[in-house]
Number of protein chains: 2
Amino acid sequence: MRERRQVASDAGLSKQRVVVEAIRLADREGVDGLSMRQLAGALGAGAMSLYHYVANKEELLDAMIDVVFEEIELPPEEADWQSAMRRRSASARQVLARHPWAIGLMESRTSPGPAHLRHREAVTACLRRAGFSIVMATHANWLLDSYVYGFALQAASLPFDTADEFADMAEDVFLPQLPPDEFPYLNESAAALVGAGYDPAEEFIFGLDLILAALEPLRASA
Amino acid sequence: MRERRQVASDAGLSKQRVVVEAIRLADREGVDGLSMRQLAGALGAGAMSLYHYVANKEELLDAMIDVVFEEIELPPEEADWQSAMRRRSASARQVLARHPWAIGLMESRTSPGPAHLRHREAVTACLRRAGFSIVMATHANWLLDSYVYGFALQAASLPFDTADEFADMAEDVFLPQLPPDEFPYLNESAAALVGAGYDPAEEFIFGLDLILAALEPLRASA
DNA sequence: TACTATCGACGTACGCTGTACGATTGTCAA
DNA sequence: TTGACAATCGTACAGCGTACGTCGATAGTA
């Protein structure tokens with residue numbers, strides 16, 4: 001007889017439900033606002049009930065990260081390698097923008113989950129099939145992932161998401177706190193960018209395409 | 001008359017001393033092990049004494065990040081732009097490898113400190129003087145920083161630092177947990193890398209040089 | 001010399017955290 | 001009916017950030 005009223009839903013608890021609700025909470029409140037009691041509350045359960053589905057909070061965080069990896073599109077097999085990498089990299093950027101807390105969490109989590117491994121396998125497969133040697137595929141993997149994660153990290157620490165928001169912020173916040181004589185070049189940049197507008201998604205594509213183009217000659221086409 | 005015995009030193013407290021000790025603690029115990037009480041203990045003080053030098057823990061973390069930025073070498077003015085960027089990027093990677101907690105912290109900290117701003121100004125100046133347009137300099141800035149931060153983030157989540165440690169880990173830990181039929185390409189890579197050895201510092205240089213070379217034609221040389 | 005203001009340091013306390021432990025309940029097999 | 005088992009929860013504890021008030025030592029002034 002399950003009778004207790006539950007805030008989020010009436011279905012029983014499950015690891016899946018716990019992790020999904022945890023992600024929703026982290027998206028809304030940030031990872032610092034995610035406590036076992038809050039999470040349990042959102043699920044209409046007692047705090048200790050969660051420990052039947054998750055050994056401890058660390059394991060919960062690991063599981064959350066792996067769900068995030070599941071959200072990232074795999075490189076489509078039928079496309080050429082550059083298109084495939086562009087697709088999955090853009091998807092990764094979007095997903096990490098949706099779940100900014102995930103970026104900061106990766107640093108402390110050492111062993112990759114199943115979705116993470118599947119993703120790496122698919123990317124490596126795509127590169128190898130495109131003619132990259134084992135060593136070159138490793139280089140490409142590191143390079144692309146570094147760019148994606150680093151971009152997401154930088155974007156997460158910016159207080160705006162769109163070109164319009166940027167224009168407002170830049171004019172009202174950035175420029176005033178940059179003494180022109182001390183930071184002439186930053187002023188120059190900020191001023192120019194206010195006029196031109198600024199979109200993180202476009203910025204991302206610029207660097208991504210530059211990297212892809214630079215990798216192209218390094219593969220031994222079959 | 002300052003008479004109390006202090007663990008770390010007998011000099012009086014100061015914001016500088018608090019922040020430096022906090023960094024030492026975070027390096028040793030990780031950012032989760034850094035509590036105001038622990039920190040105060042390491043300084044031979046009471047927990048609340050710290051609040052005379054720091055408004056709250058957030059401000060402490062901000063200050064720690066900015067000290068980390070101070071440790072990063074600025075691009076040397078006399079060098080050509082590629083050498084200058086190589087120097088400062090390699091320095092940044094080393095510093096972030098020394099303070100892995102700093103990477104995860106950046107995501108949540110939105111406004112850059114003075115050292116961070118000085119660094120950005122110097123990098124932008126270097127790029128502009130090398131002939132990059134304002135827009136191109138911004139692209140290059142994002143691209144290089146993304147790579148540096150992302151690389152550091154990935155490196156931090158690896159449980160090894162040197163080629164030798166990697167060989168041990170790969171053989172004992174990675175390969176056994178990768179079913180060859182499910183992850184053929186990852187197995188291929190891991191096996192190959194065990195033989196060849198693997199050094200994060202070299203890996204970093206590969207991607208960095210590739211990016212620098214790809215940026216070269218995009219500047220309008222004076 | 002005596003009084004007072006100021007500053008650095010700290011003790012206590014509050015509400016929060018993760019989670020160990022044990023008790024309680026509902027379900028099903030024997 | 002009995003026993004085993006899984007799920008749930010209440011209580012408790014140590015540790016967290018930090019608000020608040022206090023205290024001793026020093027500096028300035030009368």
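Proteins come first, then strands; the chains are lettered A, B, ... in the order of their sequence lines, and each starts at number 1.
Aromatic ring pairs are classed by plane angle as parallel below 30°, tilted from 30° to 60° and perpendicular above 60°; the pair B:W142 and A:F151 is tilted.
Of the charged side-chain nitrogens involved, none lies within less than 4.0 Å of a carboxylate oxygen, so that A:E121 and A:R118 do not count as a salt-bridged pair. The pair A:E73-A:R87 meets the salt-bridge criterion, with a side-chain N (NZ, NE, NH1 or NH2) lying under 4.0 Å from an Asp/Glu carboxylate O.
Heavy atoms of other residues, nucleotides or ligands lying less than 6.0 angstrom from CD of B:Q177 number more than 12. The number of heavy-atom neighbours closer than 6.0 Å to CD of A:Q16, taken from other residues, nucleotides and ligands shown, is 12 or below.
Listed pair B:S49 / C:dC10 meets the phosphate criterion, a side-chain N or O lying under 4.0 Å from OP1 or OP2.
The separation between B:E59 atom CD and D:dG17 atom P is 15 Å, rounded to whole Å. Between B:L13 atom CG and C:dG8 atom P the separation is 11 Å, expressed in whole Å. One can place CD of A:E29 at 14 Å from P of C:dC16, the figure rounded to the nearest angstrom. Nucleotide C:dC16 holds its C1' atom 16 Å from the CG atom of A:L39, rounded to whole Å. Going from atom CG of B:D32 over to atom P of D:dG15 covers 16 Å, rounded to whole Å.
Residue contacts for A:L34: at a heavy-atom cut-off of 4.0 Å it reaches the sugar-phosphate backbone alone, with no base atom in range.
The aromatic ring centroids of A:Y147 and A:F204 lie less than 6.0 Å from each other.
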Is there any protein nitrogen or oxygen under 3.5 Å from a nitrogen or oxygen in nucleotides 18-21 of chain D, and what are the pairs?
| residue | atom | partner | partner atom | Å |
| --- | --- | --- | --- | --- |
| D:dT18 | OP2 | B:Y51 | OH | 2.9 |
| D:dT18 | OP2 | B:K57 | N | 2.9 |
| D:dT18 | O4 | B:R37 | NH2 | 3.4 |

